[in-house]
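Got a structure for you, written out below as structure tokens; questions coming shortly.
Below, read A as the first sequence line, B as the second, and so on, with proteins coming before strands; counting in each chain starts at 1.
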Amino acid sequence: MATYDEIRDLLARVLKDLDAVHDYYVYTKLAWRTIVQSTQVEGRRLRYLNPITGNEVNENAIAALSQHYVKNYLARSTLEEFVALLEEFMSGLMRVWLAAFPGSLAKKEVRFGVILSARDRDSIIQEVIDAEIHALLYKKVADWFDYLNHTAKLGCPSSEEVGRIAEIKATRDVFVHNKGLANSVYVQKAGQFARFRAGDPVEISEEYHEQSWRLLRKVVQDLAEAALAKS
Amino acid sequence: MMNTSAQRPLVVLDGGAAGPYIMLPLTQVENVRAILDSHDVSYWVDTWAVSLDENPYMTVINISAKFDVDSIQRMIDAANEAE
């Protein structure tokens with residue numbers, strides 16, 4: 001029963017956080033649009049001062065900056081947060097599952113130092129699980145789901161959904177590691193779902209942003225419900 | 001073309017490296033889309049809209065950074081003159 005409750009709580013928390021990030025995206029975007037409407041359409045004057053950098057902008061500069069903030073910074077930072085929440089969910093689900101069914105880790109080796117410093121058997125198991133999940137999250141997205149399917153046999157997500165998630169993760173990686181330019185790593189990770197060729201600037205349209213959020217939310221929900229049905 | 005909400009000409013705004021954009025009433029989106037489509041301009045329209053002081057809802061057309069403000073403004077103005 002503890003497993004069931006833990007998975008249910010994990011699902012509720014991650015869905016709530018995904019919704020909160022999307023709300024942040026929409027409300028922040030609309031806040032910027034409100035400022036632009038107020039200044040560029042209705043003619044109000046506005047100045048912002050940042051004493052830390054010493055930069056000062058007027059309503060025209062703000063109109064230019066706001067589009068950059070919304071179209072680039074805001075879209076990419078919230079997409080990164082979507083991926084981080086998927087990782088949090090995946091590691092949380094695997095942690096709960098492996099703790100409940102540690103038999104799949106039977107062949108793992110444990111350093112003697114871990115045994116010596118362990119309080120009890122459970123803390124040794126926890127150490128092995130932590131190492132397993134840590135190593136797994138550095139692997140390809142497809143490997144995450146292969147591992148979960150091999151371990152828990154949840155029967156989801158579909159191979160197409162896994163491919164699309166791999167592309168979303170590859171898009172995130174391009175912004176974090178390659179200044180927003182697609183490269184051969186992106187093309188390889190995204191596979192048949194690649195949206196750009198190597199060298200192209202990667203864009204996050206509103207439609208793509210929304211579809212990514214919907215997909216990750218669906219996959220989180222599907223996985224949790226399949227795990228709940230088995231726990 | 002006029003911004004029918006503000007009764008001012010529709011202005012293409014400069015988004016710097018993020019590309020040009022147009023803030024306009026929801027009711028004018030289809031007309032502007034037709035102009036952009038006829039010139040093969042890449043764009044997308046915001047899903048959400050803002051209403052200030054009970055005025056009509058305004059939204060934004062985001063234009064690809066491949067296009068510059070002036071060329072888009074000329075397209076809009078030319079449509080305005082043709083009206």
So does A/K153 have more than 12 non-hydrogen atoms from other groups sitting under 6.0 Å from NZ? yes
Taking it one step at a time, do A/Q37 and B/N55 satisfy side chain to side chain donor-acceptor pair (under 3.5 Å)? CA-CA 11 Å; A/Q37 181 180 348; B/N55 284 314; over 6 Å; no
Against chain A, label B/D46 side chain, backbone, both or neither, depending on which of its atoms sit under 4.5 Å from a heavy atom there. both
Heaviest contributor of heavy-atom pairs below 4.5 Å to chain B, chosen from A/N60, A/T34, A/L65, A/N72, is A/T34
For A/Q67 and B/G15, which heavy atoms make the closest approach, and how far apart are they? CB-CA, 3.8 Å
Identify the heavy atoms of B/Y21 and A/A64 that sit nearest to each other, and give their distance. OH-N, 4.3 Å
Evaluate side chain to side chain contact (heavy atoms under 4.5 Å, CB included) for A/R33 paired with B/M58, printing each intermediate quantity in order. CA-CA 9 Å; A/R33 297 312 194 204; B/M58 303 285 284; over 6 Å; no
Do any of residues 199-231 of chain A have a heavy atom less than 4.5 Å from a heavy atom of chain B, and if so, which, in residue order? A/E203, A/I204, A/S205, A/E206, A/E210
Within a radius of less than 6.0 Å around NE2 of A/H177, do more than 12 heavy atoms belonging to other residues, nucleotides or ligands occur? yes
Check each atom of B/L13 against the heavy atoms of chain A and say whether the ones under 4.5 Å are side chain, backbone, both or neither. side chain
Heavy-atom distance under 4.5 Å to chain A: side chain of B/W48, backbone, both or neither? both
